[in-house]
Every structure is written in structure tokens, then in C-alpha cells.
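Notes for the one structure printed next.
Remember, it's 1-based here, ligands and their atoms both numbered in the order they're listed. Computed from a prediction, not measured in an experiment: that's the story for all the values here.
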Amino acid sequence: MLGAQQIIGVWERGRRASSHDRALLLAELALGPGVELAGLAIGDRDRALAEQRIATYGAVAPACVVCPACSEGLEFRVDFAAVCGLGEPGDRGGSFVIEIESFRVEFRLPSTADLLAITQNAAHGRAVLIERIILVAEREGDRVSPSSLPVSVIAALEAEIERLDPISDIRFGQTCPACQHRFVAPFDVARFCWHELDVDARRLLQEVDVLARVYGWSEAEILALSRARRSTYLEICGVS
Ligand SMILES: [Zn+2]
């Protein structure tokens, strides 16, 4: 569970950072030091973030998405307990193999470091990712270049990654109540968790501002109070 001091601290470190670096900051809080965070499979990283979210704020979260047809805002609920239930728990750090047609491909699951590499070479993102995650590609026992693999093999590889690491590719089917348009909205666990933490950190700082003015307490004293105590003092001074 994240305390108020931790929330403000990580928010301060990450507020000007990229989304990938923010995900790593959250993972560092969830998993502690000593874990090679950038190399962690996205699903393992995001499962840790989802568990941290449940411990801090509970399992169910309000979320919203904009209809791509009419721009109406749709609200829905995300159940992080269900997110954590996707796929098998456990470390996805090893290598995996698929055999299709006459090809054998040994690969690892994408990590935050891979997503950062794609960002730096967005024009060739898919090719960059394939090159990075394929450890060995063979055709009838002979080594071949990952870039020479046929589309069907790459499609099978992508499907296998999705099967092995479903948290890394969550999508919610939506129907717009305004225009009935049906669409599929991707849900990024790390982005959501950062946005939520950003909102919470700003609210906490507002609470510090009010309580410091009224009672003369320091920031550290106010953040050390429980949420229940802070909100009750805010009620007493007529601010909540
Ligand atoms: Zn719509």
C-alpha cells in the first residue's frame, strides 16, 4: 500500500518523465530495489502495478474513454482483481519457443526497455521489437534472420505473446450510448495508475495547503495523518 509521502515523492520524481519512465517508477515502488525493472516483461510489471493499486485504492476503479465516432465520453469500471487474474502468475522472464511451418523461433516477452527502443525508432517500431525479442530463428535447423521471417510466423509469434502475457494487451469492448458505435479500447495499466496517482498527489497537496494554513502543521505532519483523519479535519474546517 502506498502512503501519502510515497505518493507525493514518486509524483514529484515522475511528473516530467516519459510514460515508460513513470511505469518504471511505479514498478520500483511495487517491487522494491534489486529487480531489473526495465527488463521485466510488461505483464509482470503491470501485474505488480495492479496489485499495488488494489492495496492502495481497492480493486474497482472508475475509468473513461472517448467514443472515436462522436467524441462522447463513456464511463466504465475496471476491476483490477480481474486484471490480476489474467494469464498465469509468475515470472515471465525466461525464453519461449514457437514452431510453425518449418520455422522454430525462440523469443522472450517484450519489456519496458523494448518499448523505449520502439519510441526512439517509431518509424520501424514493429521491426525493432521483433529484432529485439527474437533470440534464435531457424528454418529446418538453419539460422535465419528475424527480419526474413514470413508474415504468418510473425503473426503466430504475436498471438503467442498475447497468450503468454495477456495483461500487456488489455482491451475493453465498448458501445457508445450516444451513437451506438461499437469499438475496442485498449487499456494501459501503467498509464492509468500514473494518472490516478497524479490526481491523488495533487489532491493531497491541496489538503496540505488547507490544513497547514488552518492548523499550522508541517507538510510531513499532515501527510503522516491517515486519510480518514485528514478528511475529518477538512470537514471540521468546512473545506471538504
Ligand atoms: Zn459515440
Side-chain cluster (under 4.5 Å, hydrophobic types only) that V136 belongs to, other residues: L135

Do [X] and [Y] make a side-chain contact, defined as non-hydrogen atoms from C-beta onward lying under 4.5 Å apart?
X: L157; Y: I134; result: yes
X: E158; Y: R126; result: yes
X: H195; Y: V199; result: yes

Under-4.0 Å salt bridge between D142 and R139: no

Sub-2.8 Å protein N, O or S atoms surrounding the Zn ion (ligand 1): C67 SG, C70 SG, C176 SG, C179 SG

R229 CZ: over 12 foreign heavy atoms closer than 6.0 Å: no

